[in-house]
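Shown next, in structure tokens, is the structure this report addresses.
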Amino acid sequence: MDLRYEAFCFADRRFYDLQSSTESDLPGDDFSRELPELPADWVQVERNVWRHLHPAGVQLPKQGWKIHVSAGLDNASKVLKATFDYCVERRIPFKYLPTISVVLARNSKYAPREGSGKLITIYPTGTEQLEQILTELSATLEGEHGAYILSDLRYGKGPLYVRYGGFSEQWLEQDGQQVLAIEGPDGTLIPDKRKPVFSVPEWVQLPEFLAPHLAERNAGDPEQFPYRIKSSLHFSNGGGVYLAARKSDGKEVVLKEARPHAGLDREGRDAVARLEREYEILSRLRGVKGVPEVYDRFVEWEHLFVAMEFMPGRSLGQWLGMNYPLTHRDPTPEQLAEYKTRALALVAKVEDLMTRVHERGVVFGDLHTLNVLVDENDEVSLIDFELSSTIEDVHRPTLGAPGFQAPPDREGFEIDEHPLAALKLWIFLPLNTVLELAPAKLPQHVQVVKERFGLSDEYGQSIIDVLTPRVDPPTGPSFTEFDDPEPDWSVIRKSIATAILHSATPERSDRLFPGDIEQFEVGGTCFAYGAAGVLHALDVSGEGRYPEHEDWLIRRVRQDPPKQPGFFVGAHGIAHVLENFGHHDVATELVEGYAELLPATKDHGLSAGLSGIGLNLLHFATTRHDDSFTTRAEELAERLAAQLADAPGPGDKAKAGLLHGWSGPALFFLRMFEHTTDQRWLDLAERALERDLAETMVALDGSLQVRDGTFRSLPYVGIGGAGIALVLTEFAAVAPDRPCVEKLPELLSGCTGEFVIQPALTLGRAGLMATLAHATRQRPDERLERSVRQHLRALGWHAVHYGGGLAFPGVQLRRLSMDLNTGGAGVLLAIASTVDGRPPLPFLGRAQTPVHSGR
């Protein structure tokens, strides 16, 4: 799970957003209210979550040793005021987190570990000033506390830390992504490593005065530690969980670690306080079967450790991933009945175990699918009691798993009854997170599981009775137009467009439409996550052009140009859309303005690399009847051909698919063949497809999907079998007798699973549906067409009423998204492709007879 999303959930209940972009509901939240005014010659700039302050006339190097100041919630204002006064008086540039809400978000349990603890960043002009600041400021801040900054070297015992890194933003392409960079000794850009461990570039000398502090960091005898770490099981911002052996007798245990002032919950409690509570609760539950026995508690190097019994089995979430029949193609009634029996038995065992916990006077407080373990005999156990409390002193958890946390109106043991009911629904339809966005959908989800698994009315009503909010129960409709016996797809398309347009924020400069968190990294204008892709989807789906939004896009591209040239995340995707809209001058500026970056672009993918750029150049050659674009495209194709010849074999992490694999270059080679009739390009397209097919595996249901690790397989468009199938469908229309085409039916079978966790185009149901529809237009197949109709209807499982229309949750389902890759624009485009025969994405097919006609 990508832990970055948690920090983007604090600012808004509907959309992923930066914490600093909205008003906080905490009184006195903004630190600026307590700080003096800056001198007139200082410049203040807001950038993402940071407030940058810089005195006129001070020139900083591009990179060097920087100082980070840490603090807790209770002393952040005091530490900031002292540091502010120190730096302003001495005209030292610095930046700080502007609100206490942002500090909390960046120090919460699931915030990225490498950024934890950082309240202030100070930029010395050189090593001499670095030493002076550390010496003087450490005296000023003596006795102040804060979370240990894992990426840095601590100076003394206080809240000051140092790290070598970039001062100004420089970007480098790595694995198809733009990453922050620093310059090597020869001026070449290399990644500015920002990992939760202190390191120094090999050519950089650690200043002599820091040597004792590095020695202090490395001090201690690991042989004195009473446990031998065998492996890590989990990391969070609050600490680690390890499989360990007790040195005294070799006993295998789980060892939990808690870092002080880190891993905060919304009330400001840190990981140490929660682990202390877990030790107390486990001691109270000693002897309850299914609850780990606690062995030991000790402090080592400021961190608290608790050793406890290792409980066998896999998490209930993993169990469902291995056994849930609706993810497989064509499950039989017998398979559904067998799953129903096992699932009901597991739910009963969890209920029984919770009863025994309650008999000891304990409210578990954190029941969800990762905290229930299932062993090979389907016996269950509970883990992770850090949010538990006693019935005499119930403490309502402020942390909790999305879709399982009890609402504020529950008291005592009701705090556990709510997630138990949620579990009864989740085990048959694991979409509980959607209900946090739209509680009104509960009856619809219950109806789905009753119909699909033959569950009783009593079972369904028991879920509804507990999960329905008692305070302000939802009054909106439970069902959507997707649930109509014969949906009117023109109405549905218009409804999705209505929600997208309602979400527009033209007053903002960072984004026009809310989408995935990536829009705050690559920019809110791009094709994948920004305005360009949304406006493309609205236009191609027949939902209109919006000149005022096109004007916003043009203004923002000129004021804040994209960071990279790639199609989905950079300049070429924006240029493609503006070219099609008739804004030829701006499109030309984008294509020509990034031409000098192409020699340094090495990524082959369609998202950020050469294949997407090359396909767009061919598009310009067609729209402008200009062969010079063909020549430039051919140069990129030759570079890709050389890369393909030297391409390494598949790695551990899946890359195959449309956006990041060799299917993107295969599509480019195929279009080069059609453009030039040179047979060599067709042969290269086949070789590129074969390279992606080498990353596939036979999934649990017998279909062909992309291998991701040892057991996991992916069917999706971005990375997965559907992405290969889209291009292979195009290839089969030109060269049906090539051997690789024989894999197409198996890939398409991987797109037919009834349950898909996300609705998105590139990593969810919409993409699987569009892939099947695209293939069946070329070659009709009743079984696949039946799956298309099933996908169309099941999109309603995710559809949420918003702004007078229908919206869809994005990645992790925690917030709505309107963008093309992860949200409503992608769903809209997929429906238009499926129902109306529109191209599912640029460069794929042309408008043809639809596979499923709408009214």
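Hydrogens, waters and symmetry mates play no part in the numbers below; they use all other heavy atoms, side chains included.
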Locate the shortest heavy-atom distance separating [X] from [Y]; write the atom from each residue and the value.
{"X": "Leu828", "Y": "Ala537", "answer": "CD2-O, 4.1 Å"}
{"X": "Ile182", "Y": "Gln170", "answer": "CA-NE2, 4.5 Å"}
{"X": "Pro759", "Y": "Pro809", "answer": "CG-O, 3.5 Å"}
{"X": "Phe513", "Y": "Ala531", "answer": "CD1-CA, 4.1 Å"}
{"X": "Val591", "Y": "Ala575", "answer": "CG2-CB, 3.8 Å"}
{"X": "Pro665", "Y": "Gly661", "answer": "CD-O, 3.4 Å"}

Side chains of [X] and [Y] only: does a donor on one sit below 3.5 Å from an acceptor on the other?
{"X": "Tyr16", "Y": "Arg815", "answer": "no"}
{"X": "Thr822", "Y": "Asp819", "answer": "yes"}
{"X": "His52", "Y": "Gln44", "answer": "no"}
{"X": "His619", "Y": "Glu579", "answer": "no"}
{"X": "His660", "Y": "Asp603", "answer": "no"}
{"X": "Arg671", "Y": "Thr622", "answer": "no"}
{"X": "Ser663", "Y": "Asp692", "answer": "yes"}
{"X": "His675", "Y": "Thr630", "answer": "yes"}

- Query: In Å and rounded to the nearest 0.5 Å, what is the CG to CZ distance from Leu512 to Arg508?
  - Reply: 10.5 Å
- Task: Apply side chain to side chain donor-acceptor pair (under 3.5 Å) to Asp516 and Tyr5, showing your working.
- Result: CA-CA 9 Å; Asp516 190 70; Tyr5 284 83; 2.7 Å; yes
- Query: If you draw a 6.0 Å radius around CD in Gln679, do more than 12 non-hydrogen atoms from other residues or ligands fall strictly inside?
  - Reply: yes
Return yes if some donor-acceptor pair links the side-chain N/O of [X] with the main-chain N/O of [Y] below 3.5 Å, else return no.
{"X": "Asp192", "Y": "Gly166", "result": "yes"}
{"X": "Glu695", "Y": "Ala654", "result": "no"}
{"X": "Ser833", "Y": "Arg838", "result": "yes"}
{"X": "Ser611", "Y": "Gly605", "result": "yes"}

- Task: Just do the salt bridge (Lys or Arg N to Asp or Glu O under 4.0 Å) check on Arg555 and Glu550 with the steps written out, would you?
- Result: CA-CA 9 Å; Arg555 287 196 309 272; Glu550 293 172 25; over 6 Å; no
- Return the set of residues passing side-chain contact (heavy atoms from CB on, under 4.5 Å) with Ala775 (not counting sequence neighbours), or none when no residue passes.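 With neighbours one apart ignored, the set is Thr729, Leu748.
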Ring-ring centroid check [X] [Y], cutoff 6.0 Å:
{"X": "His572", "Y": "Tyr594", "answer": "no"}
{"X": "Trp42", "Y": "His54", "answer": "no"}
{"X": "Tyr529", "Y": "Phe568", "answer": "no"}

- Query: Would Asp836 and Arg493 pass as an ion pair if we require N to O under 4.0 Å?
  - Reply: yes
- Message: If the threshold is 4.0 Å, N to carboxylate O, is there a salt bridge linking Glu638 and Arg680?
- Response: yes
- Cation-pi, Phe581 ring and Arg545 (6.0 angstrom, 45 degrees): yes
- Query: Does the salt bridge (Lys or Arg N to Asp or Glu O under 4.0 Å) test come out yes or no for Asp627 and Arg632, once each step is laid out?
  - Reply: CA-CA 9 Å; Asp627 286 341; Arg632 291 157 69 176; over 6 Å; no
- Message: Show every ring pair (Phe, Tyr, Trp, His ring centres under 6.0 Å) that has at least one partner inside residues 813-844, sequence neighbours left out.
- Response: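 Sorted result for residues 813-844: Phe567-Phe843, His576-Phe843.
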